[in-house]
Structure formats: structure tokens, C-alpha cells
Amino acid sequence: MERIAIYPGSFDPVTNGHLDIIKRGVKLFDTIIVAILINPRKTGLFTVEERLDMLNETLKDIPHVRAESFEGLLVDFAAQKSATAILRGLRAVSDFEYEFQMALMNRKLNREIQSVYLMTGLRWIFTSSSIIKEAALFGGDINGMVPPCVKKRLEEKLGKKLG
Ligand code: COA
């Protein structure tokens with residue numbers, strides 16, 4: 001049986017921290033579907049289409065990983081894709097409570113889908129899409145924190161050259 005995992009999130013935009021989880025996760029699963037939540041309550045810097053474009057560009061050389069977007073319940077999307085796991089990264093203790101709550105709720109909603117957590121690499125413990133966007137907004141050096149195509153898109157979006 002093919003072991004499919006969903007790696008869900010906002011990915012506004014994808015960062016090297018996410019990429020670290022994806023590259024390690026693909027060693028555990030046959031296929032990973034990186035799933036962007038279409039969330040009307042969270043307005044992003046990038047549209048869902050732009051985020052999908054950046055993910056497709058970033059993931060093009062990683063076999064068995066693809067990106068999609070979804071609406072509604074994560075467990076329903078996972079079931080629709082015949083996935084048996086939800087993959088998430090844990091950065092710090094502060095992530096734990098939220099992730100624990102989400103994992104328990106998802107388990108309540110569908111007991112066939114397991115939540116699997118990977119500890120984020122030390123290098124990425126402080127990163128998030130928002131903090132990188134904020135650094136970029138004020139012209140900070142974000143080299144090594146995001147894939148090159150994301151840096152280019154941020155430069156276009158913010159109308160400035162980043163270090
Ligand atoms: N490296 C760097 N940053 C990371 C990271 C990593 N490994 N893992 C998470 N982050 C950052 C993200 O960049 C994001 O930063 P931001 O807030 O600055 O944008 C932040 O952590 C939050 O992570 P994200 O993975 O985007 O979570 P989310 O809270 O936006 O979304 C979903 C979580 C999509 C999984 C969840 O909302 C969901 O499943 N929704 C569907 C509805 C549903 O089923 N609800 C019931 C389940 S409880």
C-alpha cells in the first residue's frame with residue numbers, strides 16, 4: 001500500500017524550514033502532498049496561486065512530492081487523497097500545545113489518519129513565514145532562509161532588492 005502523507009500549512013511563502021521537513025518526511029513516506037489551506041480568515045501576502053507556483057518551483061527536483069491547495073477539513077482532504085498521515089514540524093515548546101490540540105481534534109474527526117511530527121532542524125527553530133516577510137519588508141538579509149525563487153517573488157512583491 002502506498003503511504004501518502006499530507007503536509008499542510010499556509011506556506012505564505014514556503015521557507016527553507018518547511019523544505020527541511022519535506023526532505024526528511026519524504027524518507028518516511030512514499031508520497032508527500034504539500035497542501036495549502038485556502039483560508040478566507042487569513043489574508044496572506046501572496047495569493048494561493050502564487051504560493052502554489054513557488055512550491056511547484058521549489059519542489060520540482062524532489063521526487064514523490066507535489067503541492068495542492070484545499071478548502072475545508074484537513075482530514076477530509078487527507079481521506080480524499082487516500083493519505084494515512086498528516087505530517088507537521090515542531091519548532092519549539094510553544095508549538096506543542098497548538099499542535100497537540102490539532103492532532104487530538106483530527107484524531108477525533110478521523111481515527112484512520114495519524115499525525116506525525118518531525119522536530120525542526122536547529123537552524124530553523126526561529127523561522128516562520130511572517131518573521132521572514134517582516135525582515136524582508138525592512139530590507140533585511142534573508143539569504144539562506146527561503147528558496148531562491150521565493151526571494152525573487154518577495155523582491156517583486158515588495159518592490160525592493162534584498163541583500
Ligand atoms: N519552518 C519554518 N516555519 C514553520 C515551520 C517550519 N518547519 N512549520 C511551521 N512554520 C510556520 C509557518 O511559516 C507559519 O508562519 P506564519 O504564521 O508566520 O505564517 C506558522 O508556522 C504556522 O504554521 P502553518 O503550518 O502555516 O499553520 P497554520 O496554523 O497556518 O495552519 C493547518 C495549520 C492548515 C494545518 C490547520 O489550520 C488546518 O488543518 N486547517 C484546516 C481546517 C481543519 O481541518 N480544522 C480542524 C483541525 S484542528
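Just follow the structure's listing: the first ligand is 1, and inside any ligand the first atom is 1. Just the heavy atoms: all of them, side chains too, but no hydrogens, waters or symmetry mates, feed the values below.
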Check whether any side-chain N or O of Thr84 sits under 3.5 Å from a backbone N or O of Ile113 as a donor-acceptor pair, and report yes or no.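 It does not hold such a pair.
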
Can you tell me if CD on Glu2 sees more than 12 non-hydrogen neighbours from other groups inside 6.0 Å?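 More than 12 heavy atoms, drawn from other residues, nucleotides or ligands, come within 6.0 Å of this atom.
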
Write none if no such pair exists; otherwise list each N/O atom of ligand 1 with its protein N/O partner under 3.5 Å and the distance.
{"from": "ligand 1", "atom 1": "3 (N)", "to": "Thr127", "atom 2": "O", "distance (Å)": "3.4"}
{"from": "ligand 1", "atom 1": "7 (N)", "to": "Gly17", "atom 2": "O", "distance (Å)": "3.3"}
{"from": "ligand 1", "atom 1": "13 (O)", "to": "His18", "atom 2": "NE2", "distance (Å)": "3.3"}
{"from": "ligand 1", "atom 1": "13 (O)", "to": "Ser129", "atom 2": "N", "distance (Å)": "3.1"}
{"from": "ligand 1", "atom 1": "13 (O)", "to": "Ser129", "atom 2": "OG", "distance (Å)": "2.8"}
{"from": "ligand 1", "atom 1": "18 (O)", "to": "Ser130", "atom 2": "N", "distance (Å)": "2.8"}
{"from": "ligand 1", "atom 1": "18 (O)", "to": "Ser130", "atom 2": "OG", "distance (Å)": "2.3"}
{"from": "ligand 1", "atom 1": "21 (O)", "to": "Arg91", "atom 2": "NH1", "distance (Å)": "3.4"}
{"from": "ligand 1", "atom 1": "21 (O)", "to": "Arg91", "atom 2": "NH2", "distance (Å)": "3.0"}
{"from": "ligand 1", "atom 1": "25 (O)", "to": "Arg88", "atom 2": "NH1", "distance (Å)": "2.8"}
{"from": "ligand 1", "atom 1": "25 (O)", "to": "Arg88", "atom 2": "NH2", "distance (Å)": "3.4"}
{"from": "ligand 1", "atom 1": "26 (O)", "to": "Ser10", "atom 2": "N", "distance (Å)": "2.8"}
{"from": "ligand 1", "atom 1": "26 (O)", "to": "Ser10", "atom 2": "OG", "distance (Å)": "3.2"}
{"from": "ligand 1", "atom 1": "27 (O)", "to": "Arg88", "atom 2": "NH2", "distance (Å)": "3.4"}
{"from": "ligand 1", "atom 1": "29 (O)", "to": "Tyr98", "atom 2": "OH", "distance (Å)": "2.8"}
{"from": "ligand 1", "atom 1": "30 (O)", "to": "Ser10", "atom 2": "OG", "distance (Å)": "2.7"}
{"from": "ligand 1", "atom 1": "30 (O)", "to": "Lys42", "atom 2": "NZ", "distance (Å)": "3.0"}
{"from": "ligand 1", "atom 1": "44 (O)", "to": "Leu74", "atom 2": "N", "distance (Å)": "2.8"}

Salt-bridge present (Arg153, Asp53; N to O < 4.0 Å):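 Salt bridge: yes.
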
Is Tyr98 isolated, or which residues cluster with it under the ILVMFWY side-chain rule of less than 4.5 Å, directly or via members?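 The other cluster members (ILVMFWY side chains, heavy atoms under 4.5 Å, direct or chained) are Met102.
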
Pairs meeting criterion side chain to side chain donor-acceptor pair (under 3.5 Å) with involvement of residues 132-148, two or more places apart: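 Of all non-adjacent pairs touching residues 132-148, those that pass side chain to side chain donor-acceptor pair (under 3.5 Å) are Asp12-Lys133, Asp141-Asn143, Asn143-Lys151.
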
Output a table of donor-acceptor pairs, distance under 3.5 Å, between side-chain atoms of residues 68-75 and any protein atom two or more places apart or on a different chain; print 'none' if there are none.
{"from": "Glu68", "atom 1": "OE1", "to": "Lys81", "atom 2": "NZ", "distance (Å)": "2.9"}
{"from": "Glu68", "atom 1": "OE2", "to": "Arg66", "atom 2": "NE", "distance (Å)": "2.9"}
{"from": "Glu68", "atom 1": "OE2", "to": "Arg66", "atom 2": "NH2", "distance (Å)": "3.4"}

